[in-house]
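See below for the structure under consideration.
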Protein chains: 2
Amino acid sequence: MARKPGSNGEETAALVREAALELFAQQGYAAASMRQLAKLVDMRPSALYHYWPTKQDLLVDLLERHMTALLQAWAERAVELSNDPIERLDAFSRFHIRYHLARPNEVFLSYMELRNLEPQNFARIEAHRRHYESVLKDILIEGARIGAMQAPEPHVSAMAIIAMLTGVNTWYRDGGRLSASDVEQLYAEMAAAVVRVGRQNKTEAA
Amino acid sequence: MARKPGSNGEETAALVREAALELFAQQGYAAASMRQLAKLVDMRPSALYHYWPTKQDLLVDLLERHMTALLQAWAERAVELSNDPIERLDAFSRFHIRYHLARPNEVFLSYMELRNLEPQNFARIEAHRRHYESVLKDILIEGARIGAMQAPEPHVSAMAIIAMLTGVNTWYRDGGRLSASDVEQLYAEMAAAVVRVGRQNKTEAA
DNA sequence: ACGATAATGAAACGAACGTTCAATAAGCGC
DNA sequence: GCGCTTATTGAACGTTCGTTTCATTATCGT
């Protein structure tokens with residue numbers, strides 16, 4: 001009952017995070033136990049509490065890291081772009097598909113386990129998500145403003161496009177007929193089509 | 001310790017199903033307990049086992065009923081429609097939005113709790129879902145065949161549209177600025193736009 | 001009226017859960 | 001190589017879980 005040779009706090013924490021992502025995504029946060037997680041990383045359950053005070057703190061850590069990294073990654077991509085909303089939407093779609101396809105476990109957790117969070121933790125993660133949604137929404141608003149896009153309800157369009165893009169994770173599997181970049185291309189076209197000008201608007205026509 | 005006055009098997013089972021939908025949707029299947037559920041319907045936990053052999057059988061019952069009812073409802077709607085794929089897609093979108101907005105708990109469960117099912121149960125529910133997806137997919141294939149729609153990958157388009165439509169449940173709340181029929185109209189337009197002919201196809205152009 | 005059976009309650013089972021804590025070994029600056 | 005910090009263990013706590021057993025009562029067909 002003692003410290004392991006060669007042990008290092010940050011490395012161990014990273015290993016546990018990786019295993020927890022996998023375990024929580026596969027079984028669900030509530031159904032997964034700290035004992036299972038400990039076994040996956042060859043530790044005793046009590047050792048986990050050296051890193052996170054509670055099971056929920058571990059979940060929050062995972063979600064917070066994912067959302068922060070997502071926003072950070074987009075911020076880095078966005079600086080390379082012009083102000084053209086069409087270009088920005090295309091870049092956003094491709095970025096979203098690429099980023100989410102590469103991190104299925106994080107995405108699954110972020111969309112499924114929010115209800116398991118205590119109110120204050122929920123609020124923190126939800127704020128990140130709203131921030132990300134507003135990135136797309138602002139692109140659509142600007143596109144509609146200059147007449148390059150048709151989005152009578154930008155918020156609804158943004159939610160619809162994000163749901164459409166995120167849905168790729170429910171069916172795409174590596175090694176299938178379509179490559180990840182095929183899929184990226186297809187979704188970028190569909191997202192653009194959703195707000196393409198020229199389609200009828202029955203609401204206005206009525 | 002006896003039978004309650006006025007008790008009737010089918011009525012009680014229906015009450016329990018309703019409460020279970022609510023409870024499972026709010027807390028998640030794994031996090032919800034049979035004791036909580038029993039308390040909600042003013043029964044003792046053991047009485048629940050008169051209706052379902054296990055907790056999982058109850059979940060399967062809920063999911064099976066939802067999927068069966070969904071397919072049945074579409075079948076009844078579909079007989080009223082012509083063979084025009086454009087009309088059928090519009091009807092499908094509106095049907096999907098209306099049906100899903102009216103049953104948020106069922107939808108949430110169906111999309112979130114599949115992983116908690118044992119393999120054989122998972123297979124049964126998943127078969128229903130694939131059937132429903134193929135309804136939309138067949139519409140898109142026919143639309144592409146007669147040149148009324150642009151869907152180079154009908155399966156991908158179908159998955160994208162379904163994800164887009166289903167996403168409405170993540171943000172829509174009764175009593176907001178937009179009515180359910182406003183939302184139905186918006187989503188029907190966006191779904192149509194996804195496969196509208198005339199948009200560029202960079203894959204072919206390259 | 002009565003026997004069969006559907007429906008329920010009371011109590012308990014073993015197992016698993018999240019978490020705590022004192023003890024102890026390894027790493028590290030000096 | 002001493003001493004402080006960090007990482008880990010083993011054992012246990014109280015709670016809750018899904019489920020079972022069995023006695024008991026209400027209802028229904030006859």
Side-chain angles (χ1 to χ4, degrees), chain A residues 1-21 23-24 26-63 109 113 115-118 120-121, chain B residues 1-24 26-63 109 113 115-121:
Chain A
M1 36 171 149
R3 183 170 188 172
K4 277 184 181 173
S7 64
N8 171 286
E10 257 320 304
E11 288 173 20
T12 303
L15 275 178
V16 173
R17 273 189 221 101
E18 200 60 39
L21 274 174
L23 181 66
F24 290 171
Q26 272 173 17
Q27 309 205 355
Y29 166 76
S33 76
M34 297 296 268
R35 287 172 171 83
Q36 280 181 293
L37 177 56
K39 191 160 282 183
L40 282 178
V41 291
D42 200 29
M43 294 170 65
R44 260 32 70 191
S46 52
L48 299 173
Y49 289 83
H50 179 66
Y51 297 93
W52 300 274
T54 69
K55 186 187 179 189
Q56 170 142 164
D57 286 311
L58 169 54
L59 174 60
V60 172
D61 187 13
L62 298 176
L63 297 182
L109 272 190
E113 303 296 0
R115 66 181 163 186
N116 286 111
L117 297 179
E118 290 155 18
Q120 71 233 22
N121 292 329
Chain B
M1 37 171 147
R3 185 173 187 170
K4 273 186 181 173
S7 66
N8 170 287
E10 256 320 305
E11 288 174 20
T12 304
L15 275 178
V16 173
R17 274 190 219 101
E18 201 57 41
L21 273 175
E22 189 89 16
L23 181 65
F24 289 173
Q26 272 174 14
Q27 309 205 354
Y29 167 76
S33 77
M34 296 296 268
R35 287 173 172 83
Q36 280 182 293
L37 176 57
K39 191 161 284 182
L40 281 178
V41 290
D42 200 28
M43 294 169 65
R44 258 33 65 192
S46 54
L48 299 174
Y49 288 84
H50 179 67
Y51 299 92
W52 299 273
T54 70
K55 185 186 179 189
Q56 169 141 164
D57 286 310
L58 169 55
L59 175 61
V60 172
D61 187 16
L62 298 176
L63 297 182
L109 272 190
E113 302 296 0
R115 64 181 164 186
N116 285 111
L117 297 179
E118 291 155 17
Q120 71 233 20
N121 292 330

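Note on naming: letters A, B, ... go to the chains in the order of the sequence lines (proteins, then strands), and numbering restarts at 1 for each one.
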Say you draw a straight line from CD of A:E18 to CG of A:L23; how long is it, rounded to the nearest 0.5 Å?
12.5 Å
Less than 4.0 angstrom from a charged side-chain N to a carboxylate O is my criterion; do A:E113 and B:R115 meet it?
yes
Tell me: CG of A:L15 to C1' of D:dA7, nearest whole Å?
14 Å
In whole Å, what is the span from the CG atom of B:D57 to the P atom of D:dT20?
11 Å
Approximate separation, where rounding is to 0.5 Å, of A:Q26 CD and A:L109 CG:
11.0 Å
Figure out the CG/P separation between B:L23 and D:dC17, and round it to whole Å.
11 Å
To the nearest 0.5 Å, how far apart are CZ in A:F24 and CG in A:L63?
9.5 Å
First locate atom CD of B:E22, then atom CG of B:L40, and finally report the distance between them rounded to the nearest 0.5 Å.
8.5 Å
Should A:T12 be listed as having a side-chain N or O under 4.0 Å from OP1 or OP2 of D:dT8?
yes
Within this structure, what is the OG1-CZ distance for the pair A:T12 and A:R17, rounded to the nearest 0.5 Å?
10.5 Å
Option among B:N121, B:N116, B:D61 that satisfies the side chain to side chain contact (heavy atoms under 4.5 Å, CB included) test with B:Q56:
B:N121
What is the distance, to the nearest angstrom, from the NZ atom on B:K39 to the C1' atom on D:dT16?
12 Å
Distance (rounded to the nearest 0.5 Å) between A:M34 CE and A:M43 CE
9.5 Å
Rounded off to whole Å, could you give me the CG-to-P distance for the B:L37 and D:dG18 pair?
10 Å
Would you say B:Q36 has more than 12 foreign heavy atoms packed within less than 6.0 Å of its CD?
yes
Protein proximity profile, nucleotides 14-21 of chain C - base contact B, sugar-phosphate-only contact S, no contact -, cut-off 4.0 Å on heavy atoms:
---BBBBB
Length of the NE2-C1' vector between A:H50 and D:dT6, whole Å
5 Å
Rounded distance in Å - CZ (A:R44) to P (C:dA25)
16 Å
In dot-bracket form, how is DNA chain D paired, counting a Watson-Crick or G-U wobble pair only if both its distances are under 3.5 Å and using | for bases paired to another strand?
||||||||||||||||||||||||||||||
Rounded distance in Å - CD (A:E11) to C1' (C:dA26)
14 Å
